[in-house]
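Small disclaimer: the values here were computed from a predicted structure and weren't measured.
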There are 2 protein chains.
Amino acid sequence: MLRSSPYAAERLRAAGLRLTRPRLALAGLLFSNGDRHVTAEQLFDEAVKTKILVSLATVYNVLHQFTEAGLLREVIVEPERSYFDTHVEPHHHFFCEANGILQDISGEDVTIKGLPAPPPGTEIDSVEVIVRVRASRA
Amino acid sequence: MLRSSPYAAERLRAAGLRLTRPRLALAGLLFSNGDRHVTAEQLFDEAVKTKILVSLATVYNVLHQFTEAGLLREVIVEPERSYFDTHVEPHHHFFCEANGILQDISGEDVTIKGLPAPPPGTEIDSVEVIVRVRASRA
DNA sequence: GTGTTTGCAAAGTGTTTGCAATTTA
DNA sequence: TAAATTGCAAACACTTTGCAAACAC
């Protein structure tokens with residue numbers, strides 16, 4: 001039983017992942033509507049609402065499989081929850097703790113100057129800017 | 001029973017915190033040796049080694065009390081652990097996941113250009129750069 | 001003395017895992 | 001059919017909490 005957007009199937013195949021019902025369904029939710037930032041729980045709830053039968057454990061598994069396959073990127077902004085971002089190119093984020101909303105900042109527009117060399121014996125893996133915001137009391 | 005470095009006592013008093021044995025002992029560990037980045041578990045282990053009797057729960061409580069009092073700053077770089085930084089001024093970090101080591105990057109040397117305005121209705125709380133590094137295969 | 005803080009153990013939260021049953025290719 | 005994946009429930013790691021006893025001021 002393999003039915004979903006052909007686009008999702010495409011991406012999974014390209015990433016070398018088998019086309020299973022949960023993967024196709026979740027890929028459909030994730031990749032059909034522009035850039036998204038979701039937690040496992042959010043995606044699970046969405047799946048349930050959309051009448052997709054998946055277990056929460058599978059949502060976690062799939063999120064990690066997608067991340068390893070380069071289809072997602074994990075964003076760490078809260079100690080108690082992981083966010084997954086469908087935008088995998090280097091870029092930055094606004095994060096509002098009050099409502100848990102992450103928002104992309106294009107990586108190309110931002111320049112960072114004055115970074116020292118990484119500690120001896122290490123090399124830079126990624127550079128990420130997190131701009132924490134709060135509701136303005138205006 | 002209140003014995004510890006007078007410096008620690010000083011800071012606690014200034015922050016409006018009662019001078020309790022656990023607080024004084026942990027403040028001694030935290031603030032006597034320049035800037036530090038610790039997890040609750042690390043600080044607890046250190047306390048145990050130093051023959052300081054504190055429960056892990058109290059270490060958590062104290063870390064949060066110190067954070068609220070402005071003596072520490074929480075740094076979020078891993079989903080499964082919180083780090084606490086004795087350096088509370090705005091600054092940035094190198095982080096090596098392989099060994100869990102955080103290292104300060106002075107905030108003054110770094111300039112970030114091209115950040116867009118924060119989302120409508122919000123204002124910037126903090127801007128933090130996290131440079132993830134890995135052991136170089138040199 | 002009064003209100004705060006501690007420590008313990010239990011509860012909580014988000015996440016991972018073991019394994020039999022199912023499904024993909 | 002062989003190998004991979006799923007779902008469930010149990011296990012996990014880290015953190016928080018409830019509450020009686022201990023302590024600071």
Output one letter per nucleotide in nucleotides 10-22 of chain C: B when a protein non-hydrogen atom lies under 4.0 Å from the base, S when only the sugar-phosphate is that close, - when neither is.
----SBBB-----

Just grab all the ring-ring contact (aromatic ring centres under 6.0 Å, His included) pairs involving residues 93-118 of chain A, residues at least two apart or on different chains.
A:H37-A:H93, A:Y83-A:F95, A:H91-A:H93

Partners meeting side chain to side chain contact (heavy atoms under 4.5 Å, CB included) with B:N33 (sequence neighbours left out):
none

Which pairs count as salt bridge (Lys or Arg N to Asp or Glu O under 4.0 Å) when at least one residue sits in residues 117-128 of chain B, sequence neighbours excluded?
A:R134-B:E123, A:R134-B:D125, A:R137-B:E123, B:R73-B:E128

Starting from C1' on D:dT6, measure out to CG on A:L63 and report it in whole angstrom.
15 Å

Protein-nucleotides 1-3 of chain D N/O pairs under 3.5 Å:
none

Stems formed with participation of DNA chain D [Watson-Crick or G-U wobble, under 3.5 Å, three or more pairs]:
C:1-10 with D:16-25, C:12-25 with D:1-14

Kindly say if A:T20 contacts the phosphate of D:dT5, meaning a side-chain N or O under 4.0 Å from OP1 or OP2.
no

With sequence neighbours excluded, give me every side chain to side chain donor-acceptor pair (under 3.5 Å) pair touching residues 41-50 of chain A.
A:R36-A:E46

Kindly write out the residues that satisfy side chain to side chain contact (heavy atoms under 4.5 Å, CB included) with B:A69, not counting sequence neighbours, or none if the list is empty.
B:A15, B:L17, B:L71

Connecting only ILVMFWY residues whose side-chain heavy atoms lie within less than 4.5 Å of each other, what is the rest of A:I101's hydrophobic cluster?
none

Test your reading of the model: is there a side-chain donor-acceptor pair from A:S32 to the backbone of A:L29, 3.5 Å cut-off?
no

May I have the distance from B:L17 (atom CG) to D:dC23 (atom C1'), rounded to whole angstrom?
16 Å

Applying side chain to side chain donor-acceptor pair (under 3.5 Å), name anything that partners B:E68, two or more places apart in sequence or on another chain.
none

For B:D109, side chain to side chain contact (heavy atoms under 4.5 Å, CB included) partners two or more places apart
B:S106

By the salt bridge (Lys or Arg N to Asp or Glu O under 4.0 Å) test, which pairs, at least two apart or in different chains, include something from residues 23-35 of chain A?
none

